[in-house]
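Below is one structure, written out as structure tokens, with a few remarks after it.
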Amino acid sequence: MMVSSDNMPAAQVRSAKDWVRVLAKYREPSTSRSIFELLVTLVPFALLWGLAWASISVSYWLTLGIAVLNGLFLVRIFCIQHDCGHASFFHSRKVQDWVGRCLGVLTLTPYDVWRRTHSIHHAQHGNLDQRGIGDVMTLTVAEYHARSRLGRLMYRLYRHPLVLFGLAPSYLFLLQNRLPLGLMRAGRRYWISAMGTNAVIAMLLAVMVWLGGLTPVLLIFIPTVVVAATIGVWLFYVQHQFEETHWAGNDAWQLHKAALAGSSHYVLPTPLRWLSANIGIHHVHHLYSRVPFYRLPEILHDHAELAAAQRLTPWESLRSVNLHLWDEKLKRLTSFREARRRYGTAWAASRV
């Protein structure tokens, strides 16, 4: 069961801001460890890609199965790119930026664009007055009531699992990432990042088509990307969309409290924890993003309070799909059905 940050032992001993000072000693990356993590991710990814290509002459279904498996390694590649964006993977900022840009070609994610929007997500997460960039759109109960019938219908469609975890991931990585959306007028740097990444992706796809026609694109490239994108969106969703998460307006919002209380500790089985590069230890990551992903388990080992906080199992996380609105009175996420039951007449008068 999840333990609320308001009740966890850590909150009784240290404030969220105090934890930042504790976590600072874990921030230093190990160059040899980072190189090792990069190799044990990229080498299997490349081998599986080659195996999938070789299997085309044997069975299309076998090719598709290998591509789906390789999507898991692409998730890990994205997580390493994520660490580069937080300057936590190598000591040299220049080195990790270029590693991140190269990995961004594989993940179809322009590195400099993503790094900027993701930094906004970290700086504003949980602030009701600063929503819209790098987060899952979440309305309060009052905001939903205030929408027109069409507005409420559009929000319901957006939050539907078939859209959020079916269509949205493919749209995000295959289409939306092709432009620096959110930073269109922020300078040429972001256009260079997006267009440069697009150009390299286009060249690689052209080589694939030249060598093997459209079959490798349809059976290897697209399935690998779609599987990774879907898993990635799910992980991002459950890291912040759970019942006891934290949202507050400008007057009550505090960065470190929002980081700790508004991020889950997604307790995954060991193989999935490895493939997702410990991203499930998200409450610690948001509290101190400069900690390399491979040192996050060390923190949980040293500090049992954090290991016990915000725990969310895979089975429990399935309930989060039915949470749609932030209830400002109860300070928790709630479902359309629960909001209708609780607020009765007002809800009935405005329902779709």
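This chain uses plain numbering: 1 for the first residue, then up along the sequence.
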**Report entry** Full working for side chain to side chain contact (heavy atoms under 4.5 Å, CB included) between Leu183 and Arg116
**Finding:** CA-CA 9 Å; Leu183 301 173; Arg116 176 57 182 156; 3.6 Å; yes
Measure the [atom1]-[atom2] distance between [X] and [Y] for me, rounded to the nearest 0.5 Å.
| X | Y | atom1 | atom2 | answer |
| --- | --- | --- | --- | --- |
| Phe293 | Ser34 | CZ | OG | 7.5 Å |
| Tyr144 | Tyr155 | OH | OH | 9.0 Å |
| Arg319 | Thr313 | CZ | OG1 | 10.5 Å |
| Arg295 | Leu300 | CZ | CG | 13.0 Å |
| Leu106 | Gln81 | CG | CD | 9.0 Å |
| His324 | Thr334 | NE2 | OG1 | 9.5 Å |

Is there a side-chain contact between [X] and [Y] (heavy atoms, below 4.5 Å)?
| X | Y | result |
| --- | --- | --- |
| His91 | Glu28 | yes |
| Leu139 | Arg147 | yes |
| Asn322 | Arg337 | no |
| Tyr237 | Ser317 | no |
| Trp253 | Asp129 | no |
| Thr140 | Leu325 | no |
| His240 | Trp247 | no |
| His125 | Leu255 | no |

Requested in this report: Run the salt-bridge test on Arg131 and Glu143 with the 4.0 Å N-O cut-off and return the result as yes or no.
Outcome: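 The answer is yes: the pair qualifies as a salt bridge.
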Query raised in the report: Taking NZ, NE, NH1 and NH2 as the nitrogens, is one of them in Glu244 or Arg332 under 4.0 Å from a carboxylate oxygen of the other?
Result: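 No salt bridge links Glu244 with Arg332.
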Query - Ring geometry between His282 and His285 (parallel below 30°, tilted from 30 to 60°, perpendicular above 60°) - result: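 Judged by the thresholds at 30° and 60°, the geometry between His285 and His282 is tilted.
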Report task. Start with the C-alpha distance between Glu328 and Trp326, add both sets of side-chain angles, then the distance that settles side chain to side chain contact (heavy atoms under 4.5 Å, CB included), and finish with yes or no. Result -> CA-CA 6 Å; Glu328 292 187 275; Trp326 176 251; 3.6 Å; yes
Query raised in the report: Does the ring of Phe336 carry Arg156 above it, NZ/CZ under 6.0 angstrom from centre and within 45° of its axis?
Result: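 The answer is yes, since Arg156 meets both limits relative to Phe336.
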Is there a path from [X] to [Y] through hydrophobic residues (I, L, V, M, F, W, Y) whose side chains come within less than 4.5 Å of each other?
| X | Y | answer |
| --- | --- | --- |
| Trp114 | Phe236 | yes |
| Val321 | Leu167 | no |
| Val99 | Ile279 | yes |

Quick one: does [X]'s side chain have a donor or acceptor within less than 3.5 Å of a partner on [Y]'s backbone?
| X | Y | value |
| --- | --- | --- |
| Tyr158 | Leu153 | no |
| Arg290 | Ala87 | yes |
| Thr63 | Ile56 | yes |

Query - Pairs meeting criterion ring-ring contact (aromatic ring centres under 6.0 Å, His included) with involvement of residues 50-75, two or more places apart - result: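 For residues 50-75, and leaving out neighbouring residues, there are no ring-ring contact (aromatic ring centres under 6.0 Å, His included) pairs at all.
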Report task. Consider only side-chain N and O atoms of Asp327 and Tyr343, and report whether a donor and an acceptor are under 3.5 Å apart. Result ->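 There is such a pair between these side chains.
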Query raised in the report: For residues Tyr294 and Asp83, is any side-chain donor paired with an opposing acceptor at under 3.5 Å?
Result: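 Not at all, the side chains of Tyr294 and Asp83 share no donor-acceptor pair under 3.5 Å.
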Query raised in the report: Does CE belonging to Met184 count more than 12 external heavy atoms closer than 6.0 Å?
Result: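 Enclosed: over 12 neighbouring heavy atoms sit under 6.0 Å from CE of Met184.
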Query raised in the report: Picking from His286, His303, His256, His283, what satisfies ring pair (Phe, Tyr, Trp, His ring centres under 6.0 Å) with Trp19?
Result: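 Single ring pair (Phe, Tyr, Trp, His ring centres under 6.0 Å) partner of Trp19 among His286, His303, His256, His283: His303.
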Requested in this report: Over all heavy atoms of both residues, which pair between Ala54 and Ser57 is shortest? Give the atoms and the distance, please.
Outcome: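 Heavy atoms of Ala54 and Ser57 come nearest at O-OG, 3.3 Å.
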Query raised in the report: So, for Ser276 and Val75, which heavy atoms are closest and what is the spacing to 0.1 Å?
Result: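 So the minimum-distance heavy-atom pair works out to CA-CG1, 4.4 Å.
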Name every donor-acceptor pair, under 3.5 Å, that has one atom in a side chain of residues 207-234 and the other anywhere in the protein, sequence neighbours excluded.
| residue | atom | partner | partner atom | Å |
| --- | --- | --- | --- | --- |
| Thr224 | OG1 | Ala67 | O | 3.2 |
| Thr224 | OG1 | Ile220 | O | 2.7 |
| Thr230 | OG1 | Val226 | O | 2.8 |
| Trp234 | NE1 | Tyr266 | OH | 3.2 |

**Report entry** side-chain contact (heavy atoms from CB on, under 4.5 Å), paired with Thr138, selected from Leu333, Leu323, Thr245
**Finding:**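 Of the listed residues Leu333, Leu323, Thr245, the side-chain contact (heavy atoms from CB on, under 4.5 Å) partner of Thr138 is Leu333.
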Query raised in the report: Centres of the His82 and Phe78 rings: under 6.0 Å?
Result: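 No, the ring of His82 stays outside the 6.0 Å limit from the ring of Phe78, centre to centre.
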Query raised in the report: Taking the six-membered ring for Trp, is the centroid-to-centroid distance between His118 and His86 below 6.0 Å?
Result: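 Ring centroids of His118 and His86 are less than 6.0 Å from each other.
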Query - Set of salt bridge (Lys or Arg N to Asp or Glu O under 4.0 Å) partners for Arg93, sequence neighbours left out - result: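 If we apply the salt bridge (Lys or Arg N to Asp or Glu O under 4.0 Å) test to Arg93, skipping adjacent residues, the hits are Asp97.
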Requested in this report: Only counting residues at least two apart or in another chain, list the ones meeting salt bridge (Lys or Arg N to Asp or Glu O under 4.0 Å) with Arg101.
Outcome: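 Salt bridge (Lys or Arg N to Asp or Glu O under 4.0 Å) list for Arg101, sorted by chain: Asp112.
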All N/O donor-acceptor pairs, side-chain side in residues 196-204, below 3.5 Å, sequence neighbours left out:
| residue | atom | partner | partner atom | Å |
| --- | --- | --- | --- | --- |
| Thr197 | OG1 | Ser193 | O | 2.7 |
| Asn198 | OD1 | Arg178 | NE | 2.6 |
| Asn198 | OD1 | Arg178 | NH2 | 3.4 |
| Asn198 | ND2 | Arg178 | O | 2.8 |
| Asn198 | ND2 | Ala194 | O | 3.2 |

If you look only at distance, which donor and acceptor atoms sit under 3.5 Å apart when one is on a side chain in residues 36-48 and the other is two or more places apart or in another chain?
| residue | atom | partner | partner atom | Å |
| --- | --- | --- | --- | --- |
| Glu37 | OE1 | Arg76 | NH1 | 3.2 |
| Glu37 | OE1 | Arg76 | NH2 | 2.8 |
| Glu37 | OE2 | Arg33 | NE | 2.7 |
| Glu37 | OE2 | Arg33 | NH2 | 3.0 |
| Thr41 | OG1 | Glu37 | O | 2.7 |
| Thr41 | OG1 | Arg76 | NH1 | 2.6 |

